[in-house]
Structure formats: C-alpha cells, structure tokens
Amino acid sequence: MLNYGQALKYQREINKKTLLQVEKETGISNANLSRWENNKILPNIDFCVQLADYYGITLDELVGRDYGREDKPKIKNDIRDNHGNITFNQH
C-alpha cells in the first residue's frame, strides 16, 4: 500500500491534473493539497470524500487501499459467544 500522500498524488497525476487545476475545480487550496501529498498533514474525511467524488473513485482507492490483493486480511462474518460458539442475531 502506498502512503496517503503518494496515493493522493498518484490519483491527481493519472487524471492529468495540476495542483492549481484541482484547486480551481474543487475549491480545495493547492497549499493544502501540497501538504497532503507531501505527508506534512492528513486531510480530514470531508476532503477525502470530496476528492474521491472529484476523481470518480472510492475512498479506498483514493488512499491506496487495495482489496484485490491475495494477502488481504479476511473479514470474519460470524459472531461468536463467550464460549466460541457461532451465534446469530435475531431481530
């Protein structure tokens, strides 16, 4: 996985955008964009959503998270009680 700054810069570059273009088209200052790409600070979630929408991608794609990997962590969908037995929530 790329670091967040690299991932943000990668998305901007593959979309052939400059910092000034992204600023003009999103209203996010190029100073902030630059700080994020250089890992000086992290953007808040609102800016991440705005950038993901701008590029037409998911938040995972924006920050370089890759769920297509073979070695990805597996999510357990079962719920176990205190004794390790599988239980089901009934509503």
Side-chain angles (χ1 to χ4, degrees):
M1 179 171 85
L2 299 172
N3 69 42
Y4 294 135
Q6 288 173 324
L8 292 172
K9 186 174 184 176
Y10 171 78
Q11 289 300 328
R12 181 175 57 78
E13 289 178 342
I14 65 167
N15 283 283
K16 298 180 177 18
K17 300 287 184 178
T18 66
L19 289 171
L20 290 174
Q21 287 173 310
V22 176
E23 176 184 44
K24 183 177 181 181
E25 295 169 3
T26 65
I28 300 170
S29 76
N30 83 30
N32 275 342
L33 293 164
S34 179
R35 286 184 201 111
W36 301 336
E37 288 184 6
N38 290 299
N39 293 304
K40 300 206 183 216
I41 59 172
L42 290 174
N44 71 34
I45 190 68
D46 294 329
F47 286 121
C48 289
V49 169
Q50 187 177 355
L51 286 172
D53 288 347
Y54 173 70
Y55 293 127
I57 59 175
T58 67
L59 286 170
D60 284 328
E61 290 170 307
L62 181 72
V63 297
R65 257 180 93 140
D66 182 8
Y67 278 107
R69 297 184 342 227
E70 292 295 320
D71 62 336
K72 69 181 178 182
K74 303 293 184 214
I75 298 172
K76 292 187 177 187
N77 291 326
D78 59 4
I79 299 171
R80 297 186 181 269
D81 64 17
N82 291 338
H83 306 288
N85 299 316
I86 296 176
T87 62
F88 299 95
N89 288 337
Q90 297 179 354
H91 297 291

Of all heavy-atom pairs between A7 and G64, which one has the smallest distance, and what is that distance? CB-N, 3.6 Å
Got a second to check how far L51's CG is from Q11's CD, nearest 0.5 Å? 10.0 Å
Supply the atom-to-atom distance R35 CZ to L42 CG, rounded to the nearest 0.5 angstrom. 13.0 Å
Output all residues satisfying side-chain hydrogen bond (donor to acceptor under 3.5 Å, both in side chains) with E61, sequence neighbours left out; order by chain, then residue number. T58
Kindly indicate whether the side chain of F47, heavy atoms from C-beta on, has any atom under 4.5 Å from the side chain of L8. no
Measure the CG-OH distance between N15 and Y54 for me, rounded to the nearest 0.5 Å. 7.5 Å
Using the salt bridge (Lys or Arg N to Asp or Glu O under 4.0 Å) criterion, which residues pair with E37? Sequence neighbours excluded. R12
Approximate separation, where rounding is to 0.5 Å, of C48 SG and D60 CG: 11.0 Å
For the pair N30 (side chain) and E23 (backbone), establish whether a donor and an acceptor sit closer than 3.5 Å, ignoring hydrogens and angles. no
Check for a donor-acceptor pair, side chain of N38 on one end and backbone N or O of K40 on the other, with a separation under 3.5 Å. no
Taking all non-hydrogen atoms of both residues into account, name the closest pair between T26 and V22 and its distance. OG1-O, 2.6 Å
Would you check, one step at a time, whether the test side chain to side chain contact (heavy atoms under 4.5 Å, CB included) holds for V49 with L59? CA-CA 7 Å; V49 169; L59 286 170; 4.1 Å; yes
How many angstroms lie between atom CG of L62 and atom OH of Y10, to the nearest 0.5 angstrom? 12.5 Å
Any chance you could measure K17, atom NZ, to L33, atom CG, to the nearest 0.5 Å? 12.5 Å
Should Y4 and Y55 be regarded as members of a common hydrophobic cluster, given that ILVMFWY residues are connected when their side-chain heavy atoms come within less than 4.5 Å of each other, either directly or indirectly? no
